Amino acid sequence: MMHISIYLNILIASAELTLSVPTPEQKSTSDSPPLLLVSFDGFRADYLKKYSFPNLEKFFADGVLVHELTNVFTTKTFPNHYSLVTGLYAESHGMVASIMYDSASKKHFSIQNDSDPFWWNEATPIWVSVEESGFKAASAMWPGTDVKIQNHPLNYTFDYNYRVTFQERLGNLTQWMIADKTVKFASLYWEEPDRSGHLYGPENSTAMSHVLKEVDNYIGFLVKHLFDVGLWEKINVIITSDHGMAQCSKERLIKLDECINSSSYTLVDMSPLTAIVPLENISEVYKNLSSCNSHMKVYLKGNLPDRLHYKHNDRIQPVLLLADEGWTIVKNGTLPRLGDHGYDNTLPSMHPFLAAHGPAFRKDYKMSSFNSVDLYPLMCHLLGIPPKPNNGSFAHVRCVLVNEQCGELALAVGVVLGVLILLTTFSCLFWLMKNRNVSSPRPFARLQLDDDADDEPLLE
Ligand SMILES: *[C@@H]1O[C@H](CO)[C@@H](O)[C@H](O)[C@H]1NC(C)=O
Ligand SMILES: *[C@@H]1O[C@H](CO)[C@@H](O)[C@H](O)[C@H]1NC(C)=O
Ligand SMILES: *[C@@H]1O[C@H](CO)[C@@H](O)[C@H](O)[C@H]1NC(C)=O
Ligand SMILES: *[C@@H]1O[C@H](CO)[C@@H](O)[C@H](O)[C@H]1NC(C)=O
Ligand SMILES: *[C@@H]1O[C@H](CO)[C@@H](O)[C@H](O)[C@H]1NC(C)=O
Ligand SMILES: *[C@@H]1O[C@H](CO)[C@@H](O)[C@H](O)[C@H]1NC(C)=O
Ligand SMILES: *[C@@H]1O[C@H](CO)[C@@H](O)[C@H](O)[C@H]1NC(C)=O
Ligand SMILES: *[C@@H]1O[C@H](CO)[C@@H](O)[C@H](O)[C@H]1NC(C)=O
Ligand SMILES: *[C@@H]1O[C@H](CO)[C@@H](O)[C@H](O)[C@H]1NC(C)=O
Ligand SMILES: [Zn+2]
């Protein structure tokens with residue numbers, strides 16, 4: 001019955017996408033529960049398969065798990081954290097890298113010097129929209145929340161300081177949420193497992209199991225703390241991340257000094273997406289770099305594949321070098337770190353995961369993947385605020401919500417359509433068999449329906 005299942009699966013998938021059953025009525029913002037968005041930096045999706053997470057598993061057993069998020073290129077921290085809260089690709093929100101240079105204003109951006117609103121103002125993060133809707137936002141160290149973006153400082157925020165513990169970040173956030181009921185959106189950032197992934201490499205299972213156990217303990221602490229302060233089950237909680245981590249090696253080094261005179265260009269950003277400004281002859285720089293190493297692709301600005309959505313911004317430099325997974329581009333040195341990210345966003349090693357829990361979410365619901373830009377329209381829906389123009393799609397994600405009738409009705413429509421198509425197929429088959437040329441023994445062998453009892457997800 002394999003073919004029937006395939007038909008049904010396709011139909012149900014298309015029905016889930018197209019069949020937009022109107023929700024009873026859109027709740028207004030004042031009714032909708034607050035939302036807490038948590039990011040554990042560099043939490044690679046498949047850590048979930050390789051390590052044990054008793055607390056995280058309890059969290060999503062009673063909620064939603066999305067195994068993999070397709071994040072945005074370049075798979076770096078600032079671009080992806082800004083995509084999560086704007087629903088935009090990097091070229092559209094302007095946070096195109098964690099190190100940037102703007103040739104018109106001659107300004108420099110780095111993670112250590114990130115507070116000039118100039119770099120952030122090309123997009124409107126969700127906390128600005130929350131405040132424009134008359135509510136308040138709070139944050140503990142989420143990138144950009146200590147910046148006066150579009151002249152909207154958050155009502156409750158911290159200055160970035162990595163020394164502040166997870167417990168203090170969370171404790172102060174919930175204090176604000178409890179004291180001020182108009183706080184609708186809170187975000188929390190934590191530096192691990194990114195830091196350990198860079199330092200030890202994601203394949204060092206001793207180091208990674210240690211830090212991932214710590215991260216899981218923080219999730220346990222979060223659930224217990226929300227319970228203790230009376231917010232558990234009252235607010236919606238999303239736990240996710242910005243990107244994954246790939247293993248690097250000193251055997252996979254690309255040295256630019258071996259290919260090109262270093263006084264012929266300025267280096268803006270290093271690896272694995274190297275941003276270069278040629279000083280005199282761009283075609284010579286491009287030509288020499290193009291033949292440098294087969295594990296590094298060289299692009300002129302505007303020539304990156306469309307799927308990367310990484311062209312249309314002044315902050316993207318004239319020449320870009322992109323290393324293959326696990327390769328590191330250096331000028332002329334040694335391997336700087338054992339793990340890195342920033343590679344092609346189609347690589348599974350670059351993908352984070354997402355888990356959600358709360359009154360808006362289904363229980364024990366699993367999804368294989370969606371795009372990280374789809375989170376923004378989902379969060380706007382949860383908060384009842386109008387989304388700004390974005391690159392995400394609510395239709396892709398709405399099935400995680402308990403109020404969206406997509407499972408049952410789509411299934412029913414799928415079954416009906418599937419049976420119709422099956423009947424048509426059988427009629428055609430029957431008609432063809434009746435009229436077939438007797439001399440050819442099995443002209444329609446490929447159409448024979450296998451009896452594969454294992455593959456009947458809908459008929460169990
Ligand atoms: C930080 O950025 C600002 C504005 O982009 C710039 O004027 C300043 O020189 C930078 N500071 C450092 C230490 O790089
Ligand atoms: C805090 O919120 C109030 C009301 O929304 C707003 O008028 C005020 O400017 C905010 N203050 C800060 C420091 O963000
Ligand atoms: C957290 O809140 C406590 C108590 O209000 C305060 O003393 C502390 O400075 C806050 N922490 C940070 C990092 O702002
Ligand atoms: C793995 O990380 C640990 C620290 O947790 C370190 O002591 C060990 O040398 C690392 N192993 C390898 C193979 O790098
Ligand atoms: C690269 O570094 C090595 C050792 O530090 C040095 O001998 C060599 O000249 C350098 N190459 C270039 C092209 O600068
Ligand atoms: C480019 O390669 C050519 C041929 O190897 C060399 O003569 C030239 O100096 C190189 N240009 C730069 C900028 O390195
Ligand atoms: C690199 O370029 C500079 C400036 O054009 C030149 O003076 C120098 O000789 C070049 N070095 C090499 C190794 O070609
Ligand atoms: C720039 O480099 C290209 C390729 O190496 C060469 O054909 C061209 O003559 C150079 N142009 C100038 C202005 O030097
Ligand atoms: C992403 O969304 C922005 C804002 O609507 C739009 O300008 C841009 O063209 C979109 N990008 C793509 C690839 O659709
Ligand atoms: Zn990161």
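Just the heavy atoms: all of them, side chains too, but no hydrogens, waters or symmetry mates, feed the values below. This is a predicted model, so every value here is computed, not measured.
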Is a side-chain donor or acceptor of Lys301 paired with a backbone partner of Ile316 at a separation under 3.5 angstrom?
yes

Would you call the rings of Trp232 and Phe59 parallel, tilted or perpendicular, taking 30° and 60° as the class edges?
tilted

Will you find, in the side chains of Asp41 and His243, an N or O donor that is under 3.5 Å from an N or O acceptor?
yes

For Lys213, I'd like to know if atom NZ has over 12 heavy atoms of other residues, nucleotides or ligands within 6.0 Å.
no

Is a donor on one side and an acceptor on the other found under 3.5 Å between the side chain of Arg362 and the backbone of Cys399?
yes

For Asn217, does the CG atom sit with more than 12 other heavy atoms under 6.0 Å from it, leaving out its own atoms?
yes

Verify the neighbour count for atom NZ of Lys148: are there more than 12 heavy atoms of other residues, nucleotides or ligands below 6.0 Å?
no

Could you tell me whether the side chains of Asn71 and Asn345 share a donor-acceptor contact shorter than 3.5 Å?
no

Answer with yes or no whether the side chains of Glu122 and Asn313 bring together a donor and an acceptor at under 3.5 Å.
yes

Could you state the interatomic distance from CH2 (Trp127) to CD1 (Ile149), rounded to the nearest 0.5 Å?
4.5 Å

Could you work out, with side chain to side chain donor-acceptor pair (under 3.5 Å) as the rule, every residue matching Arg169, not counting sequence neighbours?
Glu191

Tyr343 side chain vs Trp327 backbone, donor-acceptor pair below 3.5 Å:
yes

Verify side chain to side chain contact (heavy atoms under 4.5 Å, CB included) between Phe135 and Val183, making sure each step is shown before the conclusion.
CA-CA 6 Å; Phe135 293 89; Val183 172; over 6 Å; no

Interatomic distance, OH@Tyr299 vs CG@Leu320, rounded to 0.5 Å, equals 9.5 Å

Does one side chain, of Ser187 or Ser139, offer a donor that lies under 3.5 Å from an acceptor on the other?
yes

Provide the closest heavy-atom pair for Met367 versus His396 in the form atom of the first, atom of the second, distance.
CE-O, 3.2 Å

Is there a ring-ring contact (aromatic ring centres under 6.0 Å, His included) between His93 and Trp120? Walk through the geometry before answering.
CA-CA 8 Å; His93 64 50; Trp120 304 87; 8.6 Å; no

Just wondering, are more than 12 heavy atoms of other shown residues or ligands nearer than 6.0 Å to CG in Asp228?
yes

Do any N or O atoms from the side chain of Glu404 and from the backbone of Arg398 form a donor-acceptor pair under 3.5 angstrom?
no

Take Asp180 and Tyr156 through the test side chain to side chain donor-acceptor pair (under 3.5 Å) and record every step on the way to the result.
CA-CA 10 Å; Asp180 184 344; Tyr156 302 102; 2.6 Å; yes

Have Asn80 and Ser83 got a donor and an acceptor in their side chains that come within less than 3.5 Å?
no

Is there a donor-acceptor contact under 3.5 Å linking the side chains of Asp242 and Thr77?
yes

In residues 266-277, what donor-acceptor pairs under 3.5 Å come from side-chain atoms, sequence neighbours left out?
| unit_1 | atom_1 | unit_2 | atom_2 | d |
| --- | --- | --- | --- | --- |
| Ser271 | OG | Ile329 | N | 2.9 |
| Thr274 | OG1 | Met270 | O | 2.1 |

So, Thr157 side chain and Leu154 main chain: donor-acceptor pair closer than 3.5 Å or not?
no

Quick check against the 3.5 Å criterion: does Asn236 have a side-chain atom that pairs as donor or acceptor with the backbone of Ala360?
yes

Do the numbers put Arg315 on top of the ring of Phe118, so that NZ or CZ is under 6.0 Å from the six-membered ring centre and no more than 45° off the axis?
yes

Can a donor-acceptor pair be found, under 3.5 Å and without considering hydrogens, that links the side chain of Lys58 to the backbone of Phe53?
no

Do His198 and His341 get their side chains close enough for a donor-acceptor pair, meaning under 3.5 Å?
yes

Rounded to the nearest 0.5 Å, how far does CZ of Arg44 lie from CG of Leu212?
11.0 Å

Is the closest side-chain donor-acceptor distance between Glu68 and Ser368 under 3.5 Å?
no

Which atoms form the tightest heavy-atom contact between Pro33 and Ile235, and what is the distance?
CB-CA, 4.3 Å

